[in-house]
Protein chains: 2
Amino acid sequence: MKNKYLLIYEELASKIQDGYYPARSILPSENELTEMFETSRETIRKALNLLAQNGFIQKIRGKGSIVLDLKKLQFPISGLVSFKELAGKMGQKAETDVAEFALAFPDDDLMRQLHIKGEEKIWKVCRVRKIEGERIILDKDFLVEKLVPGLTEEICRNSIFEYIENTLNQKISFAKKEFTVEEPTEEDRRMLDLEGYHSVVVVKNYIYFDDASLFQYTESRHRPDKFRFVDFARRMDMPSG
Amino acid sequence: MKNKYLLIYEELASKIQDGYYPARSILPSENELTEMFETSRETIRKALNLLAQNGFIQKIRGKGSIVLDLKKLQFPISGLVSFKELAGKMGQKAETDVAEFALAFPDDDLMRQLHIKGEEKIWKVCRVRKIEGERIILDKDFLVEKLVPGLTEEICRNSIFEYIENTLNQKISFAKKEFTVEEPTEEDRRMLDLEGYHSVVVVKNYIYFDDASLFQYTESRHRPDKFRFVDFARRMDMPSG
DNA sequence: TGTTATTTGTTCGTATGTATT
DNA sequence: CAATACATACGAACAAATAAC
């Protein structure tokens with residue numbers, strides 16, 4: 001029994017995705033929803049604002065909440081999603097090979113990236129993501145051992161995120177991502193099926209816990225033809241509560 | 001006199017950027033801020049949640065709001081920003097050439113992209129963005145004339161966004177962006193200084209007004225070495241007010 | 001054109017719960 | 001245990017935009 005507004009958000013979101021509330025239609029008013037869910041208007045508004053932030057609806061004052069049409073196509077590398085979560089949504093045929101798994105001291109570059117001292121040991125994980133048999137993505141993860149103890153190769157084959165959230169019971173909170181396009185390195189060429197492509201899309205990911213501690217730096221190197229990123233952006237004002 | 005929480009957000013945000021509240025320090029408590037700004041706690045919380053959503057702070061229950069360190073580097077192609085706004089922040093040396101400017105009927109593809117009928121006339125604008133003299137970005141804009149009347153070549157040389165927001169007084173609300181990497185077309189090769197690069201980063205942008213009407217479709221084609229995208233993502237739960 | 005009802009936006013007050021110090 | 005600080009929830013009032021008549 002908690003987070004009533006999140007439950008309402010999820011119910012409305014799934015009703016929108018199921019087409020119960022179709023695109024371009026108008027949701028019941030806040031007062032109607034207040035009665036329907038037997039709660040307060042404030043709680044309904046939190047749920048609606050979440051829907052708006054995530055691109056499900058557009059709220060218009062004096063009019064109502066219009067259901068948007070964006071979520072359909074929008075399959076996400078957007079937001080904070082692990083490869084396993086993604087693979088599930090895309091419909092399988094995805095595999096992961098662990099190419100390297102080691103616990104070591106960081107070099108200078110890594111010390112800068114993770115804001116740590118040289119004594120802190122670091123997990124180095126290198127994984128190759130295969131889609132329909134082709135080696136498409138090279139993931140290089142670096143995790144602070146003190147913050148993520150007990151990692152195993154088996155866990156890496158499955159999902160590091162899942163381990164952190166479910167077993168360590170740590171809350172992953174936010175991430176900064178940076179996208180660039182670079183020349184393939186020798187390692188990229190060796191580890192991926194580049195098929196004549198002469199560039200890779202590099203996603204650098206800095207991942208933080210709930211308490212604002214940086215625990216992971218990931219470099220994800222994608223074959224360019226298989227890379228796609230969808231983003232939903234609102235122009236600074238955000239209905240927020 | 002309006003939007004008290006936005007004013008507070010802006011004041012706190014600029015104090016964070018100025019270093020008045022340095023990274024890793026803790027903001028005054030919600031109750032303290034309530035007194036400082038002579039307002040209610042709910043209003044302070046809205047401002048703080050905006051700061052959290054935009055990556056300025058991390059709120060930790062029982063502890064306080066920690067100032068984050070992310071905004072420094074994070075110069076934005078992120079969010080909804082026009083080239084002119086960007087160029088200003090990056091420090092000039094940016095120019096725009098208008099290569100094509102026409103009012104015409106849409107072809108089938110465009111009718112699909114903009115969800116319109118064939119009778120609706122469309123502005124077609126093709127612009128080349130130069131940075132330090134090199135032709136780096138090819139912007140192809142398609143705008144619904146009915147929604148954006150009175151466009152001129154001069155406006156395109158300056159900023160279409162500025163015209164829409166300041167002259168037409170329309171509120172641009174949200175956009176869906178899609179990033180891919182493609183082979184350069186013959187047009188890309190002709191219009192840009194590709195310097196031997198064999199790919200372009202394509203950003204497809206669907207831009208909407210406040211009332212959820214789609215008014216613009218933009219395809220922005222970047223030379224890969226000059227492209228960089230920074231994103232700040234929170235993992236689904238969002239303190240939201 | 002103008003008035004009224006509806007609907008969302010903002011602010012304030014209060015109360016309870018939970019985690020940290 | 002107590003004090004502090006954030007999270008959630010409910011209620012109420014008024015403002016502002018829209019729609020309908």
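Convention: sequence-line order gives letters A, B, ...; per-chain numbering from 1.
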K.L.:
Can you sort out the partners of A/Tyr217 under ring-ring contact (aromatic ring centres under 6.0 Å, His included), two or more places apart, ordered by chain and number?
P.N.:
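By the ring-ring contact (aromatic ring centres under 6.0 Å, His included) rule, A/Tyr217 matches A/Tyr206.
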K.L.:
Check side chain to side chain donor-acceptor pair (under 3.5 Å) between B/Ser220 and all other residues, then give those that pass, not counting sequence neighbours.
P.N.:
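Per chain and number, B/Ser220 pairs via side chain to side chain donor-acceptor pair (under 3.5 Å) with B/Asp139, B/His222.
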K.L.:
By side chain to side chain contact (heavy atoms under 4.5 Å, CB included), which residues pair with B/Glu154, not counting sequence neighbours?
P.N.:
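With neighbours one apart ignored, the set is B/Thr152, B/Arg157.
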K.L.:
Are A/Leu68 and B/Lys176 close enough that some pair of their side-chain heavy atoms sits under 4.5 Å apart?
P.N.:
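No, too far: nothing below the 4.5 Å cut-off.
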K.L.:
Got a list of protein N/O to nucleotides 16-21 of chain C N/O distances below 3.5 Å?
P.N.:
none

K.L.:
At under 4.0 Å, does any side-chain N or O of A/Thr43 touch on OP1 or OP2 of D/dC10?
P.N.:
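Affirmative; the distance criterion is met.
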K.L.:
Check ring-ring contact (aromatic ring centres under 6.0 Å, His included) between A/Phe215 and all other residues, then give those that pass, not counting sequence neighbours.
P.N.:
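Testing A/Phe215 for ring-ring contact (aromatic ring centres under 6.0 Å, His included), a comparison that skips the adjacent residues, returns A/Phe209.
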K.L.:
With a 4.0 Å cutoff (strictly under), does any side-chain N or O of B/Tyr5 reach OP1 or OP2 of C/dT11?
P.N.:
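So the side-chain polar atoms of B/Tyr5 never come under 4.0 Å of the phosphate oxygens OP1 or OP2 of C/dT11.
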K.L.:
Side chain of A/Ser29, heavy atoms from C-beta onward: which of C/dT7, D/dG11, C/dT11 has the nearest atom to it?
P.N.:
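Taking heavy atoms from C-beta onward, the closest nucleotide is C/dT7.
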K.L.:
Do any pairs count as a salt bridge (Lys or Arg N to Asp or Glu O under 4.0 Å) and have a residue in residues 143-152 of chain A, sequence neighbours left out, and if so which ones?
P.N.:
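Sorted result for residues 143-152 of chain A: A/Glu120-A/Lys146.
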K.L.:
Using the test side chain to side chain contact (heavy atoms under 4.5 Å, CB included), find all partners of A/Glu35 that sit at least two apart in sequence or belong to another chain.
P.N.:
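Expected list: none.
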K.L.:
Through what angle, rounded to 10 degrees, does the axis of the helix from C/dG2-D/dC21 to C/dT21-D/dA2 turn between its ends, using five pairs per end?
P.N.:
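Computed angle between terminal axes is 10°.
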K.L.:
Which nucleotide, D/dA9, D/dC6, C/dT11, lies nearest any side-chain atom of B/Ser65?
P.N.:
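It is D/dC6.
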K.L.:
If you check the B/Lys59 side chain, which of C/dT10, D/dC6, C/dT8 turns out closest?
P.N.:
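Per side-chain heavy atoms of B/Lys59, the pick is D/dC6.
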K.L.:
With sequence neighbours left out, write down each residue that passes side chain to side chain donor-acceptor pair (under 3.5 Å) with B/Ser25, or none if nothing qualifies.
P.N.:
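Result, side chain to side chain donor-acceptor pair (under 3.5 Å) vs B/Ser25: none returned.
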